[in-house]
Every structure is written in structure tokens, then in C-alpha cells.
Amino acid sequence: MCGIVGYIGKQKAAPILLAGLAKLEYRGYDSAGIAIMENGNIEVQKDKGRVSNLCEIKEIENLQGSIGIAHTRWATHGEPSKTNAHPHTDSKEDFAVVHNGIIENYVELRKELEGNDYNFKSETDTEVIPNLIHYFYSKDSKNDELKLVRAVKQATDKLIGSFAIEVLSKENPDIMVVVRKDSPLVIGKGYNENYIASDIPAILSYTKDFYLLENLEFAMLSRDSIRFFDKDLKEFNKKSDTITWNAMAADKNGYEDYMLKEIYEQPTAIRETIGTRVNEGTCKFDELNFTKEYLLGLNQIYIVACGTAMHVGLAVKSTIERLSKIHTEVDIASEFRYRKPLVDEKTLCIFITQSGETADTIAALKLCKEKGAKTLAVTNVIGSSITREADFSIYTHAGPEIAVASTKAYTSQITLLVLLAMYFAQILGTMEKQELENIIKEMLVLPNKLEEVLKISEQIKEIAKQMYKEKDVFYLGRGIDYATAQEASLKVKEISYIHSESYAAGELKHGTIALIEKGINVIGIMTDPNLVKKTVSNIEEIITRGAITTVVINEKIAQMLDTSIFTNVVKVPETEEFLSPIITVVPLQLLAYYISKEKGLDVDKPRNLAKSVTVE
Ligand code: AGP
């Protein structure tokens, strides 16, 4: 987690770095800091709290330097405090470092360094890095232009763990060195200036040309050059990538919060994700060369992911099984990787991750590769770490998702996986042509239906007003609606801090119904005509016990029921069964959003969370 930014050019660095940090704040927001090369000295300013606190430090305005590094922190080692905030310097203050990641062996390294007269000020794992660099730099008698990169390499050779690092050196005031391992870092190429960031949105307004640094690649940047070195410090040429996202996509664009903007972007995100993948009633995945023989030989599909991305797996599991007839399992990455999963060369493992940087998901992928399985990454970020590990990558085209609570990534991922299920079915011949065409037809009108759903936000606002003071809320559903219940429950937990549980409606009477008492809020999701009667009888059981009920249903279901028994009825357009989670989740995303707003919370940056979880 944590966000890092760097600038080397001719402009004043501080404003560029602060603007970059503000854009990266979703990665961590408990302290922030900046280091600027100022007349041959490294000036460090940092503070506890948000980037806005840092911006208020008067001294920063006076910093004229045009080279600098900056950091916004999500604490792992050491409490959030000014001392533990980055940048960290070595004890002689010759080097400054910002770091994203975790150094697992920092205790031993710190002891070794203390034995060599290095002193430590903070409780962080990071502080060993500038001290190690100092140690190796001062031991190196060769005074050539590569001395700094050599010291950084020798220091990183000692590190166990993950890191993306930027280094400033007093003796080398016109260069900066960066390196990464298992933590993201991109370099943006400008004209007589270069940029560094943990991810692209932070510097998208300055350049569209990026270098995606691979594990253990080093870069030495000056104002007008970027030199790349491999893990043995052999210099090589690297090709840049051009990003098509526009800078506006990473701004709030008039919305009060990123989350609201991203909820409203869902029709576009889905249109873009479908893109040209459907053509004359068929689905195209040209980048996957799966044959009928390969798919027939599969023993199962494993979907592995975390949080909301894992809920996507739950929402598409039965779709994949029913359309392609391939047995499909879904697992949480942090559990999967430690329980010796039954995966072999006959398993197709699918990893869903918006950021492409989630540590547990990437580790699970590596494990599956070791076991000989084919790996397929489903991500939103081109060039993200997972795409460099996976055998195949397919992309959602949701644009940058900045709010910590995932919304448009979720619905785009379901869209892409339903398309994938149809692609498998096409190859295997497990679906009637007509059935395939019907789903595709329905998928193409889905964005318009979502636009309809977004019009009911006033009704949702009213329900939020009734609910925001509650301490508990329950979400119920059966079948595919149970997956939506789980995602809706996570949304309300993470941004409004209300305790919430999701249950398969039929499970209630096996224990949980004991918690239902007068006045408790229960939200039911019902879209399947075959299951609705059963879910309604479960809801009636809780109404009898005094619960306040809100149901999310479609027109067809509304006609089948006496809806007067429910406190609130949220109607959404009807759609194809497999696509229904894409529609039903939207009012529930809005509900979590408006509850959070009613409570006056920071919707985009909920407490204790960060957007990309790059630590285990
Ligand atoms: C979503 O609202 C959450 N903040 C979180 O569960 C997220 O989905 C999870 O951390 C996985 O992230 P990824 O998709 O980037 O791998």
C-alpha cells in the first residue's frame, strides 16, 4: 500500500509532488512527506495525517528545488506519526528514501547497521534502506557515474520482502535512482523532465508515455535521460507504453466523491468492457488461444481473488458452470494459497483483481503456475504486476478506479466473465446459438438499463436517511442474489462502518434468525422467479419478528408478489438471469454511499483501508 511520487525536471518539484500525492492518497493516508533537493541539500518535510496537512506546512512553499520524492503512508511497521512518516534519511542525512512495501528482515539489518554506528530515529522497516545505501556507497572507492545505482543495488540485495523505492543523494544532486520488487512503480517520460509514481493516474495529467518497471530493474533518472539496468546492473533499452486513459478519467469531474462518480460511470465502463468482444452473436477473445481439446481436458476452473473481486467469482460461478459445463470453484486468495489446493496442469486458474497488484492474489497465481496450471488474470490495469506473471491477461475497460470501495470494477468484471463463460460455451458447443444470442442482445442494452437504475438515487437517499443510525443490517438472497448480498454487505461495512452480515436466505433459520428483533433492518434481493417464493417466506419470518425490510426486485418479481408487506421496495429493470447481479448491486452501492454521506464520513478514504493491498 502507500503511494510514492517523484519528479526530476526544470519546474518547482514540490507542487507537482503534492498534486501527485493527492491523487495517490487512496493508497494510504495516515501520514505524508516530501524530500526536495535544495541547493545541494536534501530538505525533508513530513507530517502525520492526510496530504492536506502536509500542504499546510509553510516551509514547503519556499522550496525551489526541481528534483524531489514524496510519499503517502499506510502504516505497517510503526504507528502513524511524523517520525515514522517517509521520506527517511540515513543517520548522516546524505540519502533520502521513500518506500512502498515491507522489509521482512529489517530487525536483523537494523542490528547489523547499529553495530556499524548507524542510528535510527523511527520504528519503520524502511529506515534500514537509506542506511544500507550509505554503508555501501561509502565503502565504494570507485567514483564513477554509476556509484549511486551500485549502492542501491547492493542495499536491495540485502532486503527480503517487497519494495518500490526512490532514492535521492546529496552527492548526486542531478539524478535519482528507483527500483522495484513486488510493489508497483511506473516512470512517466516527459520533455526535459521525468515523473515517477506508484500508479499511472497520479501523473496522467503530465504524460501519457510510461515505462513499467519490472521486478529488480533499476532506473537512473536525470532531467533528460532515463537509463535502465537489470538485476546485475547490465544496462538495457526499455520500450515505453502509451496509455489511452485521459487525465479527466482520474479526476472527480464535478462529482462530490470519486465513489459517486465511479458508480455513475458504470454504464460507460460496461459498454467499454464489452467493446468489440461481441460480433454477430459470438464472443471474441483473440488473446486466448483456447482449443476445444484444452477446455474438454480441464478438471475444473478455479477463480481466486480478494474482497469485491472475490464476490465477482461468486456471482459468475454458476454462470460458468451452467454455460460451459466446467466445474468451477471460487476461493479467497489468502486462504487458497495456504491450504494446498488441488490444482494441476488440467486446471484453469482465473485471478480477478482490479488493481493487478494485490499481494495475496499474485502469490496464489505463482502457486498455481508452480503446480502447472494455466493462469488467466482479469484486471483493469494494463501492465500491472499480475499481468506480468499470468499466462494470459484480459482487461476490463472501466478506467481508473480511485475510491477505495470498488464499484465500476465489480460490474465490469462480471460483464467480462459472463462474456468469457459464453466464449467457453461457444468453443465447447454447450450452448444453443439462440441462447447465446439472447444473452448478448441483453448485454448490449445493459448500459441503458443501468442508466435507468441510476435515476432512482433519490429513493435510495431516503432509505439511507432511515438507516444511517443503525448498528446492524442484514442482507439476504438466494442463488446469484446471494452473491449480490455479500457484495452489498461489504460495501456498507467498509464505507459506513455499520456492522453488516449477508446470508443465503434459506440459512437464516439455522441460527441467524435469533439475531432478528424489532426494528432491525433487513435487505432482500430477489430476481429469480424460481426462488422468489422461498425467499419471500424467509422474509415473512423476519417481518413477523419485527424487522424493517427493504427489497430489491425487478418488474417481473413485483408482479408475482404482494409488495405491500415490505417497508421499502426498490424496483430495477429486468434482465437476463446471468446479468442480474450487474443491475441489482447498483442501488445497494448507492445505499452504502448515501449512508456514509449521512454519517458525514469520508466515502473515498474509509478508515484503516487502502485501495491496493500490496502486503499479505
Ligand atoms: C472493495 O470495495 C474493497 N476495497 C476490496 O475488497 C478490494 O476489492 C480487494 O482489496 C481486491 O482488490 P483488487 O481487485 O485490486 O485485487
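Just follow the structure's listing: the first ligand is 1, and inside any ligand the first atom is 1. All of these numbers come straight from a predicted model, not from anything done at the bench.
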Check your understanding: Should you measure from each heavy atom of T353, which atoms of ligand 1 turn up under 4.0 Å away?
Key -> 13 (P), 14 (O), 15 (O), 16 (O)
Exercise for review: Could you list the atoms of ligand 1 found under 4.0 angstrom from a heavy atom of S406?
Suggested key: 1 (C), 2 (O)
Check your understanding: Is it true that K252 and E265 make a salt bridge, defined as a side-chain N closer than 4.0 Å to a carboxylate O?
Key -> no
Check your understanding: At a 4.0 Å threshold, what atoms of ligand 1 neighbour a non-hydrogen atom of C306?
Key -> 8 (O), 9 (C), 11 (C)
Check your understanding: Any ion pair linking K238 and E217 (charged N to carboxylate O, less than 4.0 Å)?
Key -> yes
Point to revise | N or O contact, V404 vs ligand 1, cut-off under 3.5 Å | key: yes
Practice item. Any atoms of ligand 1 less than 4.0 Å from a non-hydrogen atom of T308? List them with their elements. Key: 1 (C), 2 (O), 6 (O), 8 (O)
Check your understanding: Checking side-chain contact (heavy atoms from CB on, under 4.5 Å) against I498, which of K493, M467, K599 comes through?
Key -> K599
Check your understanding: Between the side chain of K48 and the main-chain N/O of S31, is any donor-acceptor distance below 3.5 Å?
Key -> no
Check your understanding: Just checking, R322 and F578: is the charged tip under 6.0 Å from the six-membered ring centre and within 45° of the axis?
Key -> no
Review point. In ligand 1, which numbered atoms sit nearer than 4.0 Å to a non-hydrogen atom of G307?
Key: 6 (O)
Check your understanding: Quick one: does S355 get an N or O within less than 3.5 Å of an N or O on ligand 1?
Key -> yes
Review point. Is K491 in contact with ligand 1, taking contact as a heavy-atom separation below 4.0 Å?
Key: yes
Practice item. Any chance you could lay out the side-chain contact (heavy atoms from CB on, under 4.5 Å) test for V98 and I165, step after step, and finish with the verdict? Key: CA-CA 6 Å; V98 292; I165 301 167; over 6 Å; no
Study note, to complete from the structure: The option among E487, E357, Q413, Q354 carrying the non-hydrogen atom nearest to atom 14 (O) of ligand 1 is Q354
